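Following: one structure in C-alpha cells, then a few remarks.
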Amino acid sequence: MKRYNPKEIEPKWQQIWDEQQTYHADLASDKPKYFAMSMFNYPSGHGIHIGHAMNYTISDVMARFKRQQGYESYHPVGWDAFGLPAENYAIKTGVSPQESMASIIPGYHAQYKAMGWSNDWSKEIATCDPEYYKWTQWIFWKMYEQGMVYQDERLQWWCTKCQTVLSNEQVIDGKCWRHDAADDPEVGKKAVKQWFFRITDYANEMLEATHDLDWSEAVKTAQINWIGKSEGAEVTFALANDHESRPNFVILHGFTGHANAHFIPRLKSDLESRGYQVQAPQMPNTDNPVEAEQVNYVLENCTFDKDTVLIGHSLGGAVAIKVLEKLDHPIESLVLVAPVVEPAFRGENYKNENPNRPPRLFVDTFDISYDYDQIVAKTKSRIVLSDAMEVKRKPYLDYLAPKIDAALHETTAAKIHFTSGNEPFILEVLDSCLLTRASDKNITVFTTRPDTLYGATFLVLAPEHELVRSITTDEQRSEIEAYITEAEKKSEVERQESKDKTGVFTGAYAVNPVNNQNIPIWIADYVLTGYGTGAIMAVPAHDERDNEFAQKFDLPITQVIAPYIVYDDEEFAPRDGLDNLKRRTVDAIITDGNNNYLLETEDEKNVHFVGGGVDKTDADDIAALRREIAEEVGFTNIASIKMAAPYNAAHAYRKTKNVNQVTWGQFYEVTLGSLAQERSEIEDGKHSIMWVTKEEVAAKLTWKGHATAWNHYINGSSEVFHQEGLMVNSGEYDGMESAKAREQIVQDLEGKGLAKFVTNFRIRDWSVARQRYWGAPVPIINCPVDGQVLVPEQDLPVVLPELKDFAPSGDGRSALARATDWLKVDCPKCGGPAERETDTLDTYICSSWYFLRYLDPHNSQAAFGSNVANKWMPVDFYNGGDHATAHMIYARFVTRFFHKLGLLAEPEPFKKFLFNGKVTASDGTMFSKSKGNGVDPLEIIGQGYGADALRTYLMFAAPLELWMRWDAQGVPGTYRFLNRVWNLTQEFCEFLQGQDSSFVAKAMKDKESREQDGLQGVEVLQAVHPVIRKVTSDLEQQKYNTAIASMMELTNTLYTLKKNGFTNMFAWQFALESLAAMIAPFAPHTADELWHDLGRTTSVQRDSWPLFDEQYLARDTITLAVQVNGKLRGTIEVPADTDQPASVEAAKQNDKIVAYLDGHEIIKTIFVPGKLINFVVR
RNA sequence: GGGCGAAUGGCGGAAUUGGUAUACGCGGCGGACUUAAAAUCCGCUGGUCUAAACAACCUUGUGGGUUCAAGUCCCACUUCGCCCACCA
C-alpha cells in the first residue's frame, strides 16, 4: 500500500500547480469573485517564521475554500519593501537596500511555495519597485492637488552627533542607536517641518462607517477609540492684566441733563472711592452735532495712556470715538453707555434698515462712519456697549449687537461685551471695566464638561503651549524654563510612566468668563499639547487629575455639581410644605460631642437631620442654620459649626400632587454647647427630637438624601464626583441639571463670543514623510522663486537615486541631500534652478493602497483601473495579527479618498477583517531571536511532517482570534489524522482494484442496481452529509478548529464503518472524495493526491466542494434525554417522527425512569422535540 | 484609570445560543501486531466512594438569583488576558 510521505507528494504537487497555473486568478472571469488576503509581508533576512505561517494560512484556507466552491478566487502576494530596517542595515554594512531586497525576496518565493499557499505569482508586487511607488507618489500628488496636504513643525527626536532626526525605535535608553556609548549625549527634541495628510477631515465619516463594518467588535472598538470623538466646548479665558498697572478713567458726558446730573457724578465718585484716577472733563456745551471743538477740548485737557478706560455716555460716545481716532496709541477699553444709534435718531424703523449696510453709530447729521478695525486696534481689552438707563433703546442694541459682533467676530470675538439693564447699570459698567479688563491675549480651552465652569479654579497649559513664554512673569521665568526643558527631554512613554503630577505656576492669571474671577495659570505635562487646544480649565472638584494636582499644589477646590437623589411618586419625598420650589438648604448634623446625634422626628416616615431653606433675610449659611435649629428643636447654645459633607441635592416630584421640589443642601456638623433646649415653643409643635448613637443613625434616617450625606460624613467622600448631578455654586444655573446646564452655559457664552460647541477628535493628522533614504521620494520641488511646486504628473515617478552612503546628510535631511545630480533640478514653473524635496514617504502610505494595485499590477497609465477595482473591491477577507488600528485607518482613509475622487465605488476596503492571535512559545512568552526559542516552519516541514500537517495544526489548535501556545506534540497529532485519511483512502482504492471492474462500474453508476443489491450505504452517507454541512458553515465563519474536529470525527466514524467492508462502494467513493475535498483547504497536497487516487482527473483545487443532501442529515431514530426534576436519569431511542404523547409514554416505560417516577406524582411534563423530556414530580 | 473579553479535565479547547457538559486533539493507562522498538490498529481516561463495576452524589473561578432546566441569562465578588491610556 502507498505510504503517506509528504516529502514526496508536496514538492510534486507544488510543481504541478506551478506548471498548470492552478492559482492564477482571471480577474475578468464571469465567475463570482472572491478576494482573500493577509497583511503585507515585510521581507527581512530571516525568512518566514511561524507567525507568517499562521497569518497566510488563514487567508489561504478561505481562498481555497471559495475556489473549490466555484468562485474565481484571488490570493495575492507582494512585498512591503521600503522601511527603516533595510536602511539601518545599509548604513551599517554599506549594502544598498536595493541589493538586499533583490537577494532576500527570491528566498521568500521558495518558502511561500513550500507552505503550499495558493498565491497568484503572476501579479506579484513590491513597494520599492518604481512601477509601484510611482503611484504611491501619485497619491501624495493627488492629495496635494486636493488640498489634503500641508506642512507644519513638530518636535522630533534629534541626535546632535548625527545631526539628524531619529524615529522612536532608533532611540534606545535615551540615546541615539548609533551613539549609545557612555560618553555620547542623550538625544533631545527639535522642531522639524513635517508633511501631513488631513486625515482628520475624514474622522467623522470614518467613525460613522465603522459601526456597519463586518469586523469583530473588539477591532471596531479599537478603531472608534483611535478616532476618539468627544463632544464638548471650547471656552475662551481672557488673560487678566498684570496687577502692577491699574486702569484710569476718562468719562465724557452726553447731552441729557438728567444723566449729566446723576450718572456722571455717581460713576465718578464710585470709581474714585475705589481708588482709581478719574477725569471727567466738562466739555464745551454745543448743540448737536458733535464738533471738533469738543474733541479737541478732550484731547487737550485729558491724558490718555495704555491703561485708560474711555467711557462715553450718550452722545459723549461719539466724541469718545473721534478722540480715539486721533490718539496715536491704544487704550485699555472703550465703553459706550447708552449710545445713540442711527435709526433711533432718524426716527426710522430699524427693521427697515438695509441689511447690507454696515452697522454704525450715528449722531445727527454728523455721520461717523467707523473704521471698526481701527477702533479695535486702538482698544487693547474690550469694547463695551451698555444700554444703561433707557430700556426702550434695548431693541436698537439688540439689532446692532449681532451686526457689530459679526463684523468683528473674526479677530475680536472676546472683545465685545454687551450689557443691558436698568438700576444696577453703574455696577455693571464697573464690572465690565474692571473685571473683564484683560490683556489682548486669550487662552482657549477644550472641555467636555462646560457645566463645571464655575468650578474651574485654575488653568493648566501643556508645557509646549505657544503662550507659555509670553505670559510667564519674570519671577517665575527660570522655574518655567527649567520645567519646559525637562518635559521636552522626556518621551511620551516616560511622561506616562510617572503618574505623579508635576507643574509650575506661570505667575499669570486668567479671567473665568462666567464669574469674572481671576484664576492662576499653571503648566503641567499631564496636559497634552496634541489634544484639544493644549490647555485645560482645571475643575479639581470633579476631575481626578485636576483634583490630584490641586491637592498637591494647594489650589482651591470648588464643588459645583452635587450628586442628587430623585424621589419619585411611589416613595416618600421630603416635604416642608412648599411645592414646586427650587432652593438651597442647610442641614445640621447635631451632636453632643459624645457620639450621640440628634434626629428630628415628624412621624415615623420622616426622621431626618434638622435643617431648612436659606432665606433672603439670612445673612449667611451659618445664620440660617442657627435660625433653623432654634426654630425647629430649640437649641441656641452652639459650641462649633463646621462643614460636614459636600453638597447633596434632591429632586422630588409627585405626579398626584403636582409637587416638584429641587433642593441642594450643605451639611454642617453642629456641636451643642449645652443640651438644654432654650426655647420650648418649637415650630408648629409638630417637631420632636430623638438622640441616637452614631451606629443607629443610618438605620433611623428615612430621607435618602440625608442618608447619603451621613455616609459622606462618616466615611468621607474620597472619590471625585464626575457624574451628572445638580448645579450648585454656579450663580444663575444653581439647581439646574448638569446635562442641561452644559448646553445652557455654552449657549449663553456663545452669545458673548466666549464659547462654542466643538467636537474633538483624538486622531491627529497623518505625518506622511520621513527624513530617510529608503522610501518613495516626496514629489515636490522647492523653488526659490515659486516655493513648493508639485513635480508635473507626467514626470512621475521621481526615481530614488542609487547611493553609496545611506547615512542621513547631517543637516537634518536624508541621505538624498547628498545626491547632487538628483537634487538639482529646474523648477517646473519658472525654469530656474531649484532643489528636490529630500523627504521620503511613510511606508504606511505604500501599504494603504496595495490591495488596489494587486488588481491591476501592470497598469502603467493609472494606479489601478476603476472597472477591475469596482468588480473586485472590497477585499472579501482580510486578516493579520498586527496593525489593528493605524494601518487599517490609513487604508480606509486612502480608499475613501479614491471613492471621493470617483475612482472607486466602494468607500471601505475590507468587507471582513479578522484580527487573528499570535503564536507564542509553549511557556507563553514571545518567540524571539535572542532567546533562540523560535520555531522554524521549514524545519517542521523538513522533519517529514510536511506543510499539510503544519497548516492543519495551526488552524486546529485554537480559534483564530485566540493567542496559541506552540505545542511540539501538535503537528504529529494532525499528521496522524492526515495519515488516517490517507490509509483509509488507499485501502478503499485497493479494494476497488480487487473487484470485478464491470461490477464496480455498475455499482458506481447505476442507482437501481445499487438498491437491488443493497449497496446504498446509508450509514456511510448519514455520517458524511452532516459533516459536509458543518464544515461548509464553519469555514464560512472561519471556525476552522471545529471544522477540522468534525472531519476527524468523520474519519473515526468511517474507520468504525470500515469493519463492515467497503461493499457499499458508491457511498464510500462519495465519502472519501468529500473528505479529500474538505481537507483540501488545510492540506492541499494530500488532498490532490488522494483525489487523483480516487480516480479524478481534474484538480481538487477548483470546483470540487461537496454539497450535502438533506435526505441524509436526519437519522431514522433519535435519542431523547429523559430527566426527572431536571436531572438526567436515562435516555430512550425512538423513531425520529415519534410525537409527544408516544415519546412521553415510551419514557415512562423505561426501566430506569420507572424507578424514579414510582411513588411520585407527575405535576408537569416538559417535551422538547428531538431533545428531551423532563418530568417534574413531587 | 478607561474599554473589551475570558475563567470548562493533567493540557489546547468543544457545547447547535437555555435543553444529555467535557466533542476533537494532546498527554496518560491497558491491549493487539512485532524477537524487540518505532509506526499502526483497538479499548479506557472529570472527581468522591470502590479491588473493579453498578448505584449514588459532586463538578464549568466564588457566592447568590431567575427557570421544569443554567457553562450559557441576571446581581455581587475574585482572578487573568488583551487593547487604549494623564484625551480634559
Side-chain angles (χ1 to χ4, degrees), chain A residues 3-4 216-222 224-226 228-230 232 445-450 452 456 460 462 492-493 495-496 498-501 524-528 530-539 542-546 548-549 722 760-763 884-885 915 917 922 924 952-953 956-959 961-974 976-977 979-980 983 1030 1033 1039 1041-1052 1055-1056 1059 1119-1131 1152 1155 1163-1177:
Chain A
R3 292 200 54 179
Y4 180 48
S216 69
E217 285 304 316
V219 176
K220 279 160 67 166
T221 308
I224 289 165
N225 290 343
W226 188 267
K229 182 178 185 171
S230 57
V445 304
F446 174 72
T447 176
T448 54
R449 291 296 298 269
T452 62
V460 188
E492 297 273 327
V493 179
R495 273 199 198 185
Q496 288 157 20
S498 68
K499 298 268 178 175
D500 271 356
K501 294 282 177 294
D525 65 5
Y526 82 93
V527 177
L528 308 175
Y531 184 75
T533 60
I536 63 156
M537 62 178 217
V539 185
H542 303 291
D543 182 285
E544 284 177 37
R545 296 154 299 175
D546 299 341
E548 201 185 315
F549 195 82
H722 51 78
N760 234 313
F761 292 93
R762 183 158 59 147
I763 189 173
T885 44
F915 186 53
S922 50
T952 309
Y953 166 63
F956 171 66
E961 308 81 51
L962 260 51
W963 284 47
M964 84 178 241
R965 291 183 179 198
W966 181 258
D967 178 359
Q969 299 298 333
V971 176
T974 47
R976 264 195 290 276
F977 159 62
N979 191 25
R980 279 163 68 80
N983 288 338
K1030 175 155 178 66
S1033 89
K1039 288 163 81 176
N1041 58 330
T1042 51
I1044 294 169
S1046 68
M1047 289 190 273
M1048 288 173 165
E1049 214 172 347
L1050 171 63
T1051 308
N1052 294 343
Y1055 264 75
T1056 308
K1059 289 171 186 165
T1119 309
L1120 284 180
V1122 185
Q1123 299 179 333
V1124 178
N1125 280 350
K1127 290 198 172 178
L1128 183 72
R1129 296 302 185 189
T1131 58
K1152 288 182 179 167
I1163 54 178
K1164 199 172 181 183
T1165 303
I1166 311 284
F1167 178 73
V1168 182
K1171 300 270 189 201
L1172 61 69
I1173 296 165
N1174 186 12
F1175 295 109
V1176 185
V1177 303

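No hydrogens, no waters, no symmetry mates; every other heavy atom, side chains included, goes into these values. Remember, it's a predicted structure, so these values are computed and weren't measured experimentally. Chain letters run A, B, ... following the sequence lines, proteins first and then strands; every chain starts at 1.
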Can you check the distance between [N] and [M], where both ends of the measurement are the [atom1] atom (answer in whole Å)?
| N | M | atom1 | result |
| --- | --- | --- | --- |
| B:G63 | B:G25 | C1' | 35 Å |
| B:G3 | B:U8 | P | 25 Å |
| B:A56 | B:U50 | C1' | 12 Å |
| B:G28 | B:G10 | P | 16 Å |
| B:A70 | B:U78 | P | 26 Å |
| B:U79 | B:C26 | C1' | 26 Å |
| B:G13 | B:G64 | C1' | 29 Å |
| B:C57 | B:A23 | C1' | 25 Å |

Among the nucleotides [options], which one has an atom lying closest to any side-chain atom of [X]?
| X | options | value |
| --- | --- | --- |
| A:Ala222 | B:C83, B:C86, B:C42 | B:C83 |
| A:Leu528 | B:A88, B:A39, B:C68 | B:A88 |
| A:Arg545 | B:A55, B:A88, B:G43 | B:A88 |

- prompt: If you pin A:Asn983 and A:Lys1030 to their nearest nucleotides in RNA chain B, which one's is more 5'?
  reply: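 Result: A:Lys1030.
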On RNA chain B, compare the nucleotides closest to A:Asn1125 and A:Thr533; which residue's is nearer the 5' end?
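Closest to the 5' end, via its nearest nucleotide, is A:Asn1125.
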[X] [atom1] to [N] [atom2]: how many Å, rounded?
| X | N | atom1 | atom2 | answer |
| --- | --- | --- | --- | --- |
| A:Arg965 | B:G81 | CZ | P | 10 Å |
| A:Phe761 | B:C84 | CZ | C1' | 18 Å |
| A:Tyr526 | B:G1 | OH | P | 18 Å |
| A:Ile536 | B:C86 | CD1 | P | 13 Å |
| A:Glu544 | B:A88 | CD | C1' | 13 Å |
| A:Asn979 | B:C41 | CG | C1' | 12 Å |
| A:Lys1059 | B:C42 | NZ | C1' | 7 Å |
| A:Lys220 | B:C4 | NZ | C1' | 14 Å |

Syn or anti for B:G28, with syn set at within 90° of 0?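 B:G28: anti.
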- Syn or anti for B:U59, with syn set at within 90° of 0?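 Anti, which is what one calls it when the glycosidic angle falls more than 90° from 0.
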- request: Kindly determine whether A:Ile536 and A:Tyr526 satisfy side-chain contact (heavy atoms from CB on, under 4.5 Å), including the steps that lead there.
  value: CA-CA 10 Å; A:Ile536 63 156; A:Tyr526 82 93; 3.7 Å; yes
Next item on the list: Step by step, work out the side-chain contact (heavy atoms from CB on, under 4.5 Å) result for A:Phe977 and A:Met1047.
Entry: CA-CA 9 Å; A:Phe977 159 62; A:Met1047 289 190 273; 4.0 Å; yes
**Prompt:** Between A:Phe761 and A:Trp226, is a side-chain contact (heavy atoms from CB on, under 4.5 Å) present by the stated rule, with each step listed?
**Reply:** CA-CA 9 Å; A:Phe761 292 93; A:Trp226 188 267; over 6 Å; no
With sugar-phosphate meaning primed atoms plus P, OP1 and OP2, does A:Leu962 contact a base, only sugar-phosphate, or nothing at under 4.0 Å between heavy atoms?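 A:Leu962: backbone/sugar contact only, no base atoms under 4.0 Å.
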- Reckon A:Tyr1055 touches a base, only the sugar-phosphate, or nothing at all at heavy-atom distances under 4.0 Å?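 Sugar-phosphate, no base atom in range.
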Protein heavy-atom contacts under 4.0 Å, written 5' to 3' over nucleotides 20-26 of chain B as B (base), S (sugar-phosphate only) or - (none), form the string B--BBSS
Side chain of [X], backbone of [Y]: donor and acceptor closer than 3.5 Å?
| X | Y | result |
| --- | --- | --- |
| A:Arg762 | A:Asn225 | yes |
| A:Asn760 | A:Gly232 | no |
| A:Asn1041 | A:Ala958 | no |
| A:Tyr953 | A:Asp967 | yes |

Is any side-chain heavy atom of A:Arg3 closer than 4.5 Å to a side-chain heavy atom of A:Asn979?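 No; the side chains remain at least 4.5 Å from each other.
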- Query: Would you say B:C84 has OP1 or OP2 under 4.0 Å from some side-chain N or O of A:Arg762?
  - Reply: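 No, A:Arg762 has no side-chain N/O under 4.0 Å of OP1/OP2 on B:C84.
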**Q.** side-chain N/O A:Arg1129 vs B:C57 OP1/OP2, d < 4.0 Å
**A.**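 Looking at the OP1 and OP2 atoms of B:C57, one of them is under 4.0 Å from a side-chain N or O of A:Arg1129.
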A:Val460 and A:Val527: which non-hydrogen atoms are nearest, and at how many Å?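 Nearest pair, atom of A:Val460 first, then A:Val527: CG1-CG2, 3.5 Å.
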Worksheet item: Where does RNA chain B form stems of at least three consecutive Watson-Crick or G-U wobble pairs, each pair having both distances below 3.5 Å?
Response: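 When the pairs of RNA chain B are grouped into runs of at least three, the stems are B:1-7 with B:78-84, B:10-12 with B:24-26, B:27-32 with B:40-45, B:46-48 with B:56-58, B:61-65 with B:73-77.
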Results of ring pair (Phe, Tyr, Trp, His ring centres under 6.0 Å) for A:Tyr4 - residues two or more places apart only: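 Counting only residues at least two positions away or on another chain, A:Tyr4 forms a ring pair (Phe, Tyr, Trp, His ring centres under 6.0 Å) with A:Tyr975, A:Trp982.
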(request) Take A:Arg1129 and A:Gln1123 through the test side-chain contact (heavy atoms from CB on, under 4.5 Å) and record every step on the way to the result. (result) CA-CA 5 Å; A:Arg1129 296 302 185 189; A:Gln1123 299 179 333; over 6 Å; no
